[in-house]
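Have a look at the structure below before the remarks.
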Amino acid sequence: MALVEVTFPGNKRVDAGIDGHSVQTDQAVEHGGENKAPEPFEVFLASIATCAGIYAKSFCDQRNLSAPHGLHMDVERSSNGLLSHIDLVLDVDAGFPTKYDPAIIRAMELCAVKKQLREEIETTIRVVRAG
C-alpha cells in the first residue's frame with residue numbers, strides 16, 4: 001500500500017488517507033471549490049507550523065517548563081507565488097527563562113518539514129490505466 005492514498009470525493013475536494021487518518025482539502029470558492037476544508041497549500045503551511053510546534057512542546061516537556069501558549073506563522077510570497085519568508089512566533093509565559101530562547105529556537109529548526117524545504121526532491125510522476 002502507498003504511504004498516501006488520495007481520493008476525489010466530488011467537486012474540487014481532494015482527500016488523503018495517511019496511516020488510518022484522513023486529511024481533507026478543498027478549494028476556495030473563487031477557485032471553483034466550496035471552501036469546506038483547507039486548500040492543499042494551506043495544509044502544507046500547517047505542517048510546517050505544527051512540526052515546529054511539536055519540537056517546541058517537546059523541548060518544554062523535557063525540561064518541565066510550561067507548554068507554549070501557541071505558535072503563529074506568517075508567510076511572504078515572492079512574485080511567482082512561492083514562499084520567500086516564513087516567520088514563526090512562539091508564545092510562551094512571561095516567566096519563560098530567556099536563557100532557553102536560543103535553545104528552543106534551535107529545537108524548532110530541527111523540524112523535518114522545515115529542513116526538507118532546503119533540499120531538492122527527485123519526483124517521479126506516472127500515469128497508469130485502470131484494469
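Everything numeric in this text was worked out from a predicted model, so none of it was measured.
- The stretch residues 61-90 participates, sequence neighbours left out, in no disulfide bond (SG atoms under 2.5 Å apart) pair at all.
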Trace of the side chain to side chain contact (heavy atoms under 4.5 Å, CB included) decision for His72 with Asp74: CA-CA 7 Å; His72 67 268; Asp74 291 314; 4.1 Å; yes

Show every donor-acceptor pair shorter than 3.5 Å between a side-chain atom in residues 86-100 and any protein atom, with sequence neighbours excluded, or say none if there are none.
from	atom 1	to	atom 2	distance (Å)
Asp93	OD1	His69	NE2	2.4
Asp93	OD2	Ser66	OG	2.6

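- A search for side chain to side chain contact (heavy atoms under 4.5 Å, CB included) contacts involving Ser22 returns Gln24, not counting sequence neighbours.
- In this structure Asp19 satisfies the salt bridge (Lys or Arg N to Asp or Glu O under 4.0 Å) test with no other residue, sequence neighbours excluded.
- The disulfide bond (SG atoms under 2.5 Å apart) contacts involving residues 62-98 comprise nothing, where partners must be two or more places apart or lie in separate chains.
- When the side chain to side chain contact (heavy atoms under 4.5 Å, CB included) test is applied to Asn64, no partner is found at least two apart in sequence or on another chain.
- Evaluation of the side chain to side chain contact (heavy atoms under 4.5 Å, CB included) rule for Val4 yields Val6, Ala16, Ile18 as partners, not counting sequence neighbours.
- Among residues at least two apart or in separate chains, there is no disulfide bond (SG atoms under 2.5 Å apart) pair with a member in residues 56-92.
- Residue pairs that meet the ring-ring contact (aromatic ring centres under 6.0 Å, His included) test with at least one member in residues 101-131, sequence neighbours left out, do not exist here.
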Less than 3.5 Å apart, which donor and acceptor atoms pair up between the side chains of residues 32-59 and the rest of the protein, not counting sequence neighbours?
from	atom 1	to	atom 2	distance (Å)
Glu34	OE1	Lys36	NZ	3.1
Glu34	OE2	Asn11	ND2	3.1
Glu39	OE2	Ala28	N	2.9
Glu39	OE2	His31	ND1	3.1
Glu42	OE1	Glu39	N	2.6
Ser47	OG	Phe44	O	2.6
Thr50	OG1	Ala46	O	2.8
Thr50	OG1	Ser47	O	3.4
Lys57	NZ	Asp61	OD1	2.8
Lys57	NZ	Asp61	OD2	2.9
Ser58	OG	Ile54	O	2.9

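- Scanning for salt bridge (Lys or Arg N to Asp or Glu O under 4.0 Å) contacts around Arg13 gives Asp15, with sequence neighbours left out.
- Counting only residues at least two apart or in different chains, side chain to side chain donor-acceptor pair (under 3.5 Å) contacts with residues 101-116 are absent.
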